[in-house]
Amino acid sequence: MRFVKLSLAILLLVAFAAIKSPVSAQGGKGLTIGFSQVGSESAWRTAFTNATKAEAEARGINLLFSDGQQKQENQIAALRSFIAQGVDAIILAPVVETGWDEVLQEAKDNEIPVVIVDRNVSADPSLYVTRVSSDFVHEGRLAAAWLVQATAGKCNIVELQGTVGSSAALDRQKGFNEVIALFSEMKIVLSQSGDFTRTGGKEVMESFLKSMDPKEICAVWAHNDDMLIGAIQAMKEAGIDPGQDIKTISVDAIPDIFKAMMDGDANATVELSPNMGGPAFDAVVAYLAGETLPKWIPVAGGIYFPDTAAEEYAKRSK
Ligand code: AHR
């Protein structure tokens, strides 16, 4: 039975690899597109912003960029400003899942198509064209499947959650918990939000290390690499050897996590591609050309370990 469960968990590691984007259109030259970004809370977010701006420039798209500073009210104000300016389309990377219906309805009433990128919204799908994103539930499952096999199915886990109410945090948690629920000795012993930031991860890990005997902690599961990097610092300051005394698993695959792997401080990361701008622009172009799009355009990612860290760091830190 244990073997069956483990095989099931490992199968999840490969299940997502075959998914490909169904959108093939290119271009967008001359379009004005408003892009409401969550903020700049993590290195992944900054990479996503930079890649989207570069993609717009290469295509000759006039991109109106707004940094929401992790506040939904700022993002709603940005959307209303894009609508007032009569943009050709809006790209929204929403900070949280709920509370978008009204402003999305306003965009629809003004015949401005909206493409959701990265995190999800709970709004009626008729209010937006499509969503370009990874499968966060799958990311959580992948992280858990790796941890199960790395600890032979026995581990006390501390969890650093992402931003409260964000689909990235909710769905990663869901996927992870689904898999560990299959193993009676895999347990989340402490869990708190570090808001996807390095300082948040460090502070929460410090409090975890004070609230229980660190020798009882087998692994840190962080919803992103930045929080884990903060937690690594906290462990080192407490005389703990991260990656050895306490195993680590996180999400994003940013250059600094590969550096941490090279230093022996991190064990594994699940990749979240920052290259969602291209497929989002493709979706806008296809929609404006009259194509009907699926409601979800998936972006795939892999899982990485120390054996390829030097190579990945060299590629990604350019
Ligand atoms: O929504 C994706 C998450 O947001 C990334 O994993 C995290 O780094 C970012 O803040």
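All ligand and atom numbering here is 1-based and tracks the order in the structure. Note: hydrogens, waters and symmetry copies are ignored here, and every other heavy atom, side chains too, is used.
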> Is Leu272 touching ligand 1 with its side chain, its backbone, both, or neither, if touching means heavy atoms under 4.0 Å apart?
side chain
> Count the heavy atoms of every other residue, nucleotide or ligand shown that sit under 6.0 Å from CD of Glu237, and state whether that count exceeds 12.
yes
> When you look for heavy atoms under 4.0 Å from ligand 1, do you find them on the side chain of Gln70, its backbone, both, or neither?
neither
> Answer with yes or no whether Met227 contacts ligand 1, where contact means a heavy atom under 4.0 Å from a ligand atom.
no
> Show which atoms of ligand 1 fall inside a sub-4.0 Å distance from at least one heavy-atom site of Ser42.
7 (C), 8 (O), 9 (C), 10 (O)
> Is a side-chain donor-acceptor pair under 3.5 Å present for Ser167 with Asn120?
no
> What are the atoms of ligand 1, with element, lying closer than 4.0 Å to any heavy atom of Asn224?
6 (O), 7 (C), 8 (O)
> For atom 5 (C) of ligand 1, what's the nearest protein heavy-atom neighbour? Residue, atom name and distance, please.
Asp252 OD1, 3.4 Å
> Taking only distance into account, with no hydrogens and no angle test, what donor-acceptor pairs under 3.5 Å do side-chain atoms of residues 173-180 form with protein atoms, sequence neighbours excluded?
unit_1	atom_1	unit_2	atom_2	d
Gln173	NE2	Glu159	OE1	3.2
Gln173	NE2	Glu159	OE2	3.4
Glu178	OE1	Arg141	NE	2.8
Glu178	OE1	Arg141	NH2	3.1

> What's the shortest distance from atom 9 (C) of ligand 1 to any protein heavy atom, and which residue and atom give it?
Glu41 OE2, 3.3 Å
> Show me which atoms of ligand 1 lie under 4.0 Å from any heavy atom of Asp118.
1 (O), 2 (C)
> With a cut-off of 6.0 Å (strictly less than), are more than 12 heavy atoms of other residues, nucleotides or ligands near NZ of Lys315?
yes
> Do we see a donor-acceptor contact under 3.5 Å between the side chains of Gln37 and Thr49?
yes
> Taking the six-membered ring of Tyr304, is NZ or CZ of Arg316 closer than 6.0 Å to its centre and within 45° of its axis?
yes
